[in-house]
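Worksheet: the structure to be examined is printed underneath.
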Amino acid sequence: MNAVDYRGRTTLITGASSGLGAEFARQLAARGSGLVLVARREDRLKALAGRLSAAHGVAVEPIAMDLSVDGCGELLAAEVDRRGITVSGVINNAGFGTYGRFHEEDPQRLRQEVGLDVMAVVDISRAFIGRLRSRGDGVLVNVASMAGYQPVPNMAVYGASKAFVLSFTEALWQESHGTGLRVLALSPGATKTEFFDVVGTEDAAAGTRMQTSEAVVRTALNALDRKNPPPSVISGGMNRVMAFGGRLASRRTALRMVGRMTTPRTP
């Protein structure tokens, strides 16, 4: 495979109003890709769409949609078709995390978390993968996390959700072998975004050094440009060391270590 030429293509990005989603939009627009930006906050989407279209001369369509609803993939595909847009790439980035002991968490919030972090990824991937495969040069990126490489006490549901995304996406990578579709699971570590504002504390960063959104997205796009793109990529050298080093420890030891890292800090 050659490096991806995004000119004349259209990439759909979920969670595009801020953070990694907005950064994917900026870097892909700079490489000539048209965009479909999806998130709930329509005002932010329109503002970003206007800036990117003016800066790079690409078509940018904002779609305000709640992706935590059942059947969001079919609804999104129908809206894209209604607007006459041909999507050549999908970035499943929308998601959020919760922090705290599982038995104290709000059940409704947990259902929303699983709905957005897991079911929306499955729904949207299923709704678009057929058309991405048929192109022979499509792109599908699902944003997982370093949290998916081991259980995460105090973020039990988030870690399990991202473990699902990692496993699911790597399976699609193998299923798509020989079709020309590039499938990638991107696993960032702690990143300077609004994620921790939603979580409510930076204790969830486990004391690790935060990366920038620019660096994380650049890692993903560079991986897609490889001659033989991998099924997954971890952003950040230290994160890669931590992920693979954890495999050398026993499950008990790894859990104890991560548990200590994610325990709330006392004032």
Is there a side-chain contact between [X] and [Y], using heavy atoms and a 4.5 Å cut-off?
X: T263; Y: N154; value: yes
X: V157; Y: V114; value: yes
X: L52; Y: L48; value: yes
X: S18; Y: R44; value: yes
X: V139; Y: R9; value: yes
X: I63; Y: R83; value: yes
X: V143; Y: P188; value: yes

What is the minimum heavy-atom distance between [X] and [Y], and which atoms define it?
X: A220; Y: L186; value: CB-CD2, 3.8 Å
X: R133; Y: L181; value: CG-CD2, 3.6 Å
X: L166; Y: S187; value: CD1-OG, 4.2 Å
X: A16; Y: I13; value: CB-O, 3.5 Å
X: T179; Y: S176; value: OG1-O, 2.6 Å
X: F168; Y: S125; value: CE2-OG, 3.9 Å

Check: Where do S17 and R41 land on the side-chain hydrogen bond (donor to acceptor under 3.5 Å, both in side chains) test, with the steps shown first?
Finding: CA-CA 7 Å; S17 61; R41 296 177 287 189; 3.1 Å; yes
Next item on the list: Give the C-alpha distance, both sets of side-chain angles, the deciding distance and a yes or no for salt bridge (Lys or Arg N to Asp or Glu O under 4.0 Å) between R101 and E104.
Entry: CA-CA 6 Å; R101 294 184 179 276; E104 297 173 342; 5.4 Å; no
Inter-residue atom distance [X].[atom1] - [Y].[atom2], 0.5 Å rounding:
X: C72; Y: M119; atom1: SG; atom2: CE; answer: 8.0 Å
X: D106; Y: L110; atom1: CG; atom2: CG; answer: 7.0 Å
X: Y6; Y: L28; atom1: OH; atom2: CG; answer: 5.5 Å
X: L224; Y: R182; atom1: CG; atom2: CZ; answer: 7.0 Å
X: Q112; Y: D66; atom1: CD; atom2: CG; answer: 8.5 Å
X: N92; Y: D117; atom1: CG; atom2: CG; answer: 11.0 Å

Backbone N or O of [Y] within a donor-acceptor pair of the [X] side chain at under 3.5 Å?
X: S68; Y: L116; result: no
X: T191; Y: G189; result: yes
X: R40; Y: M65; result: no
X: D123; Y: G71; result: yes
X: T262; Y: P153; result: yes
X: S145; Y: G148; result: no
X: Q150; Y: M146; result: yes
X: E113; Y: T98; result: yes
X: S167; Y: A163; result: no
X: S88; Y: T10; result: yes

Next item on the list: Please step through side chain to side chain contact (heavy atoms under 4.5 Å, CB included) for the pair T212 and V216, ending with a clear verdict.
Entry: CA-CA 7 Å; T212 64; V216 173; over 6 Å; no
Quick check on [X]: does its [atom1] atom have over 12 non-hydrogen neighbours (other residues, nucleotides or ligands) under 6.0 Å away?
X: E214; atom1: CD; value: yes
X: D70; atom1: CG; value: no
X: D43; atom1: CG; value: yes

Which atom pairs, one a donor and one an acceptor, fall under 3.5 Å between side chains of residues 29-38 and the rest of the protein, sequence neighbours left out?
residue, atom, partner, partner atom, Å
R31, NH1, D225, OD2, 3.1
R31, NH2, V4, O, 3.0
R31, NH2, D225, OD1, 3.3
R31, NH2, D225, OD2, 3.1
S33, OG, T11, OG1, 2.9

Note to self: Does anything in residues 101-154 form a ring-ring contact (aromatic ring centres under 6.0 Å, His included)? List the pairs, not counting sequence neighbours.
What the structure shows: none
Check: So V217 and L20, side chain to side chain contact (heavy atoms under 4.5 Å, CB included) or not? Walk me through it.
Finding: CA-CA 7 Å; V217 171; L20 290 178; 4.2 Å; yes
Next item on the list: For the pair Q211 and S235, evaluate side-chain hydrogen bond (donor to acceptor under 3.5 Å, both in side chains) and give the outcome as yes or no after the intermediate values.
Entry: CA-CA 9 Å; Q211 284 194 289; S235 181; 2.8 Å; yes
Margin query: Assess the residue pair L172 and L140 against the criterion (side chain to side chain contact (heavy atoms under 4.5 Å, CB included)); give the C-alpha distance rounded to whole Å, side-chain angles, the decisive distance to 0.1 Å, and a yes or no.
Written below: CA-CA 9 Å; L172 296 187; L140 173 63; 4.1 Å; yes
Check: Would you say the side-chain atoms of S232 and E170 include a donor-acceptor pair closer than 3.5 Å?
Finding: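 Distance-only check passes for S232 and E170.
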Margin query: Show, in sequence, the C-alpha distance, side-chain angles and deciding distance for V60 and V58, and conclude whether the side chain to side chain contact (heavy atoms under 4.5 Å, CB included) test is met.
Written below: CA-CA 6 Å; V60 185; V58 296; 3.9 Å; yes
Item checked: Parallel, tilted or perpendicular: ring planes of W173 versus H177, cut at 30 and 60 degrees -> tilted
Check: Who pairs with N93 by side-chain hydrogen bond (donor to acceptor under 3.5 Å, both in side chains), at least two apart in sequence or on another chain?
Finding: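 Applying side-chain hydrogen bond (donor to acceptor under 3.5 Å, both in side chains) to N93 gives none.
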